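Hydrogens, waters and symmetry mates are skipped; everything else that's a heavy atom, side chains included, is used. Note that the structure is a prediction, hence the values are computed from the model and not measured.
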Amino acid sequence: MKSAASPSPSHWRLAALTAVVVLLAACANTQKSHDPVVKQVRLDQALALFSTNPASGLPEAWEPLILMRKKKQTEYSLVHDQELDRTVLHAYADKASSGLRHEVNIDPLKQPVLSWSWKVGSLIKSADNTQRDTEDSPVRIVLAFDGDKNKLSFMDTILFDTAKLVSGHEFPYATLMYIWENKAPKETVISNTRTGRIQMLVAESGPANVGKWVHYQRNIVDDYVKVYGEQPGRLIGVGVLTDTDNTEEQVESWYGDIRLLRQVTQASVLTPTASK
């Protein structure tokens, strides 16, 4: 007879996946405004830009995304970047994992182009996002989408319902992350090791552009279809995440403005440009 004090392997798998989904719920939900009219106006407008803020504190409309309260949090602050001559978001993670999020309510079919820039001071030497124990990235752009939850698998439905009970929040139907990987080639799609509802797309790989500002424009509708095999629902959250909690390393990164555009403003959606 098994001891009541010894959880089964299936119990631990359920607990681990539930924790992941609870984190996703955090990415999709923020505290409700006391003025729902003002809140709705903000959600329907463009993302608040880092560059419009003074070089101190946290950016307006971006709120902390705490993944696990027991984990050490990544440090975020607005700083002035001399090369770009504007305010950018600085991130420093030392065995840490947390992010910032911006709640939105946008039809991605009308604003399909995601534009952003980032710079990393170094790679995370032992990071490998295909492995659960080393799944870290110096920079991540996190997109949370709504969708028809009736399409979820039985297991995902159970786990997400449990997560809602635990967290008190709704969860996103799907999450798409753009990451900087050490080895996996650009355009590689990496599924989260615990759930297929989190998918990572490698936007940058290797050390070639370390220390440089790299600028991107991605068609998030095309990328979502590539990753999930269906059209996306409404975009309900945008986040940034720099994490080193699994590898227990240190990394320093910077994020420039993140925008959602109606059309491409550069020659290619897929080709990044690096500042010299």
For residues Val221 and Gln231, report the shortest heavy-atom separation together with the two atoms involved.
CG1-OE1, 3.6 Å
Presence of salt bridge, Arg234 and Asp146, under 4.0 angstrom
no
Donor-acceptor contacts under 3.5 Å from residues 118-126 side chains, at least two apart:
from   : atom 1 : to     : atom 2 : distance (Å)
Trp118 : NE1    : Tyr216 : OH     : 3.0
Ser126 : OG     : Glu249 : OE2    : 2.4

In short, Gln263 meets Val113 closest at the heavy-atom pair C-CG2, 3.7 Å
Counting only heavy atoms not in Lys149, do more than 12 fall under 6.0 Å of its NZ?
yes
Are Leu261 and Leu49 connected in a single hydrophobic cluster, I mean Ile/Leu/Val/Met/Phe/Trp/Tyr linked by side-chain heavy atoms less than 4.5 Å apart?
no
So how far is it from Leu260 CG to Gln111 CD, rounded to the nearest 0.5 Å?
5.5 Å
Separation of Met200 CE from Asn192 CG (nearest 0.5 Å)
5.5 Å
Cluster question for you: counting only ILVMFWY and a side-chain heavy-atom cut-off of under 4.5 Å, with indirect links fine, are Leu47 and Leu58 together?
yes
Can Thr87 and Asn53 be counted as having a side-chain donor-acceptor contact under 3.5 angstrom?
no
Side chain to side chain, Pro232 and Pro108, heavy atoms closer than 4.5 Å:
yes
Nearest-0.5 Å distance, CG of residue Leu201 to NZ of residue Lys186:
12.0 Å
Within-4.5 Å side-chain heavy-atom neighbours: Pro172 and Ile236:
yes
Indicate, with yes or no, if Leu143 and Phe50 share a hydrophobic cluster defined by side-chain heavy-atom contacts under 4.5 Å among Ile, Leu, Val, Met, Phe, Trp and Tyr.
yes
Indicate yes or no: does Asp243 engage Arg140 in a salt bridge with an N to O separation below 4.0 Å.
yes
Chi angles and distances behind the side-chain contact (heavy atoms from CB on, under 4.5 Å) call for Thr188, Ile190:
CA-CA 6 Å; Thr188 300; Ile190 302 174; 4.0 Å; yes
His102 and Trp62 aromatic ring geometry - parallel, tilted or perpendicular at 30°/60° bounds:
perpendicular
Check: Thr244 side chain, Ala96 main-chain N or O, donor-acceptor pair, under 3.5 Å
yes
Walk me through whether Ser51 and Arg86 qualify under side chain to side chain donor-acceptor pair (under 3.5 Å).
CA-CA 6 Å; Ser51 61; Arg86 71 188 65 156; 5.8 Å; no
One pair to check against side-chain contact (heavy atoms from CB on, under 4.5 Å): Glu204 and Glu181. What are the steps and the verdict?
CA-CA 6 Å; Glu204 189 67 38; Glu181 239 284 313; over 6 Å; no
Return yes when atom NZ of Lys226 has more than 12 non-hydrogen atoms of other residues, nucleotides or ligands closer than 6.0 Å, and no otherwise.
yes
Cation-pi check, Arg197 to Tyr173: give yes when NZ or CZ is under 6.0 Å from the six-membered ring centre and within 45° of the ring axis, no otherwise.
yes
Can you check whether Phe145 and Tyr224 have ring centres sitting under 6.0 Å from each other?
yes
Indicate, with yes or no, if Val251 and Val142 share a hydrophobic cluster defined by side-chain heavy-atom contacts under 4.5 Å among Ile, Leu, Val, Met, Phe, Trp and Tyr.
no
Taking only residues two or more places apart in sequence, or in another chain, which ones meet Gln250 in a side-chain contact (heavy atoms from CB on, under 4.5 Å)?
Tyr92, Asp94
Given side-chain contact (heavy atoms from CB on, under 4.5 Å), test Leu78 with Val88 step by step and report yes or no.
CA-CA 6 Å; Leu78 292 168; Val88 301; over 6 Å; no
Please find the pair of heavy atoms, one from Tyr228 and one from Ala174, that lie closest to each other, and give the distance.
CZ-CB, 3.6 Å
Do Val202 and Ile179 come within less than 4.5 Å of each other through their side chains, counting heavy atoms only?
yes
What pair of heavy atoms forms the shortest contact from Ser205 to Ala184, and how long is it?
OG-O, 2.6 Å
How far does OG of Ser117 sit from CG of Asp257, to the nearest 0.5 angstrom?
7.0 Å
Is there side-chain contact between Leu89 and Trp254, with heavy atoms separated by less than 4.5 Å?
no
Would Val210 end up clustered with Val139 when hydrophobic side chains under 4.5 Å apart are linked, directly or stepwise?
yes
Tell me whether Glu60 at atom CD has more than 12 heavy atoms from other residues, nucleotides or ligands lying less than 6.0 Å away.
no
Locate the shortest heavy-atom distance separating Thr242 from Pro138; write the atom from each residue and the value.
OG1-O, 2.8 Å
Gap separating the CG atom of Asp245 from the OG1 atom of Thr74, nearest 0.5 angstrom:
8.0 Å
Tightest non-hydrogen contact, residues Tyr76 and Val240, listed as OH-O, 4.0 Å
Separation of Asp81 CG from Asp85 CG (nearest 0.5 Å):
8.5 Å
Testing the 3.5 Å rule here: is there a donor-acceptor pair between the side chains of Arg259 and Ser115?
no
Answer whether the closest heavy-atom distance between the side chains of Leu100 and Leu65 falls below 4.5 Å.
no
Using modelled atom types and a 3.5 Å cut-off, is there a donor and acceptor pairing between side-chain atoms of Ser77 and backbone atoms of Gly57?
no
Tell me, do Ile141 and Met177 make a side-chain contact under 4.5 Å, heavy atoms counted?
no
Yes or no on side-chain contact (heavy atoms from CB on, under 4.5 Å) for Leu114 and Ile258, after CA distance, side-chain angles and deciding distance?
CA-CA 7 Å; Leu114 181 71; Ile258 304 171; 3.7 Å; yes
